[in-house]
Amino acid sequence: MSIERRFIALEDLEIRADDNGTAIKGYAAVFNRKSKEMWGFREQIAPGAFANSLKSNRNIKALWNHNPDYPLGSTKNSTLTLEEDAKGLRFDLVLPDTSWGKDAMESIRRGDTDGVSFGFRTKVDQWDESDPKNIVRTLVDVDLIEISPTPFPAYPQTSVGVRSFKEIFESHMAGKAQEDPERREIDPPVPPEPDGRSDQERMDAVKAELSYWNQIIEGGN
């Protein structure tokens with residue numbers, strides 16, 4: 001199962017320095033907030049989507065821009081604390097006294113790093129196709145792997161991960177086709193409302209966006 005990643009702008013950010021070191025607090029994910037449309041559908045995260053991961057006591061890491069060579073904290077040693085509240089997935093991260101920890105802190109303090117991302121594998125998702133022009137995927141249960149402060153929040157809410165939205169959509173439709181033998185082909189995504197661009201121009205823009213952010217993500221691994 002492929003790792004997916006989602007990005008949001010840092011929200012309710014707090015920075016503190018005390019006897020335990022320098023720490024940052026904020027949200028790595030926000031519930032019930034629909035993403036921008038990508039490849040015929042939008043996405044949101046249901047409250048409780050991270051609950052099983054948090055109960056499992058697995059060691060969830062905090063990394064600098066998804067790079068495992070630059071760890072910032074982990075739940076195992078309590079330098080990373082994660083909890084769900086009514087708004088979303090809240091984190092409290094005590095940064096290490098390392099060169100990349102200090103760089104991360106300064107970059108966040110200055111506002112150069114203004115986003116946070118989380119990496120996960122989907123266990124349960126739900127699709128609402130009642131309105132073909134407004135298909136919504138809801139992440140219901142995910143395996144949380146890591147969170148990462150990042151200078152590349154792709155969109156103000158959520159965006160492309162390692163597995164592109166196109167592949168997610170096609171995988172969903174392929175599953176539906178298997179469930180219904182009468183459906184031999186994958187339904188094409190519903191195009192967005194007209195915005196003055198031709199279908200080809202819109203397609204080229206989506207492909208360019210996906211390619212760019214996949215390069216950014218792969219370059220950080």
Side-chain angles (χ1 to χ4, degrees), residues 1-13 25-63 66 75 80-93 115-150 153-180 186-187 189-190 192 210 213 217:
M1 187 182 300
S2 300
I3 296 176
E4 300 179 50
R5 293 197 177 109
R6 299 296 182 267
F7 305 77
I8 67 168
L10 281 168
E11 294 198 19
D12 297 340
L13 177 65
K25 298 174 67 174
Y27 284 90
V30 177
F31 297 140
N32 295 323
R33 180 180 295 179
K34 292 183 178 67
S35 70
K36 292 187 177 182
E37 184 186 10
M38 287 295 292
W39 207 266
F41 72 97
R42 297 194 293 166
E43 188 179 76
Q44 63 183 1
I45 304 169
F50 305 99
N52 288 329
S53 290
L54 301 184
K55 292 176 183 177
S56 69
N57 293 320
R58 77 159 51 94
N59 188 21
I60 301 169
K61 300 281 190 176
L63 307 175
H66 297 292
T75 56
L80 172 65
T81 302
L82 296 165
E83 64 176 357
E84 285 191 341
D85 62 18
K87 180 174 180 177
L89 178 65
R90 187 164 177 81
F91 70 90
D92 188 330
L93 173 61
V116 64
S117 173
F118 67 95
F120 66 99
R121 292 185 176 92
T122 300
K123 293 177 65 179
V124 179
D125 61 359
Q126 295 177 347
W127 291 76
D128 181 358
E129 301 176 63
S130 56
D131 180 358
K133 294 184 178 181
N134 186 30
I135 297 175
V136 177
R137 181 200 192 202
T138 300
L139 298 174
V140 177
D141 187 10
V142 303
D143 277 328
L144 182 63
I145 299 170
E146 49 92 6
I147 69 165
S148 292
T150 174
Y155 290 114
Q157 296 178 4
T158 186
S159 184
V160 17
V162 171
R163 190 161 62 116
S164 75
F165 277 78
K166 174 179 180 291
E167 291 170 328
I168 294 169
F169 186 86
E170 290 181 344
S171 176
H172 166 66
M173 298 307 294
K176 289 183 62 176
Q178 289 180 351
E179 294 173 2
D180 184 356
I186 297 175
D187 294 345
V190 177
L210 290 171
W213 287 109
I217 291 168

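Below, each value reflects all heavy atoms present in this structure, side chains not excepted, and no hydrogens, waters or symmetry copies. Everything numeric here is computed off the predicted structure, so don't read it as measured data.
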For D141, is there an ion pair with K123 - N to carboxylate O distance below 4.0 angstrom? yes
So CZ of R121 and CD of E4: to nearest 0.5 Å the spacing works out to 10.5 Å
For I45 against A29, the heavy-atom pair lying closest together: CD1-CB, 3.8 Å
Run the ring pair (Phe, Tyr, Trp, His ring centres under 6.0 Å) test against F118 and tell me which residues pass, sequence neighbours left out. F50, F120
With rounding to the nearest 0.5 Å, note down the distance linking CD1 in I145 to NZ in K61. 13.0 Å
Measure across K87 and E11 and return the closest heavy-atom pair with its distance rounded to 0.1 Å. NZ-OE1, 3.0 Å
With heavy-atom distances below 4.5 Å as the criterion, would you say the side chains of R58 and D143 are in contact? yes
Inspect the contact between E84 and K55 and indicate whether a charged nitrogen and a carboxylate oxygen are less than 4.0 angstrom apart. no
Looking only at non-hydrogen atoms, find the nearest pair between T122 and V142 and report the distance. CA-CG1, 4.4 Å
What's the spacing between Q44 CD and Q126 CD if we round to 0.5 Å? 9.5 Å
Contacts of A28 that satisfy side-chain contact (heavy atoms from CB on, under 4.5 Å) - sequence neighbours left out: L89, F91, V116, I147
Roughly how far, to the nearest 0.5 Å, is the NZ atom of K25 from the CG atom of D92? 5.0 Å
Student check: side-chain heavy atoms of R137 and L139 closer than 4.5 Å: yes
Nearest heavy-atom pair of A62 and L80: which atoms, and what distance? N-CD2, 3.9 Å
Please lay out, stage by stage, how D12 and R90 fare under the test side chain to side chain contact (heavy atoms under 4.5 Å, CB included). CA-CA 10 Å; D12 297 340; R90 187 164 177 81; 4.2 Å; yes
For side chain to side chain contact (heavy atoms under 4.5 Å, CB included), just list the numbers for D128 and T138, CA-CA rounded to whole Å, side-chain angles, deciding distance to a tenth of an Å, and then say yes or no. CA-CA 8 Å; D128 181 358; T138 300; over 6 Å; no
For a side chain to side chain contact (heavy atoms under 4.5 Å, CB included) check, start with the C-alpha distance between V140 and D125, then their side-chain angles and the critical distance, and finish with the verdict. CA-CA 5 Å; V140 177; D125 61 359; 5.6 Å; no
Partner set under side chain to side chain donor-acceptor pair (under 3.5 Å) for N32, not counting sequence neighbours: none
How many angstroms lie between atom CG of L82 and atom CG of L93, to the nearest 0.5 angstrom? 9.0 Å
Hey, what do you get for CG (L63) to CD (E146), rounding to the nearest 0.5 Å? 5.0 Å
So which atom in E83 and which in L54 form the shortest heavy-atom distance, rounded to 0.1 Å? CA-CD1, 4.0 Å
How close do S117 and F7 get, heavy atom to heavy atom, and via which atoms? CB-CD2, 3.6 Å
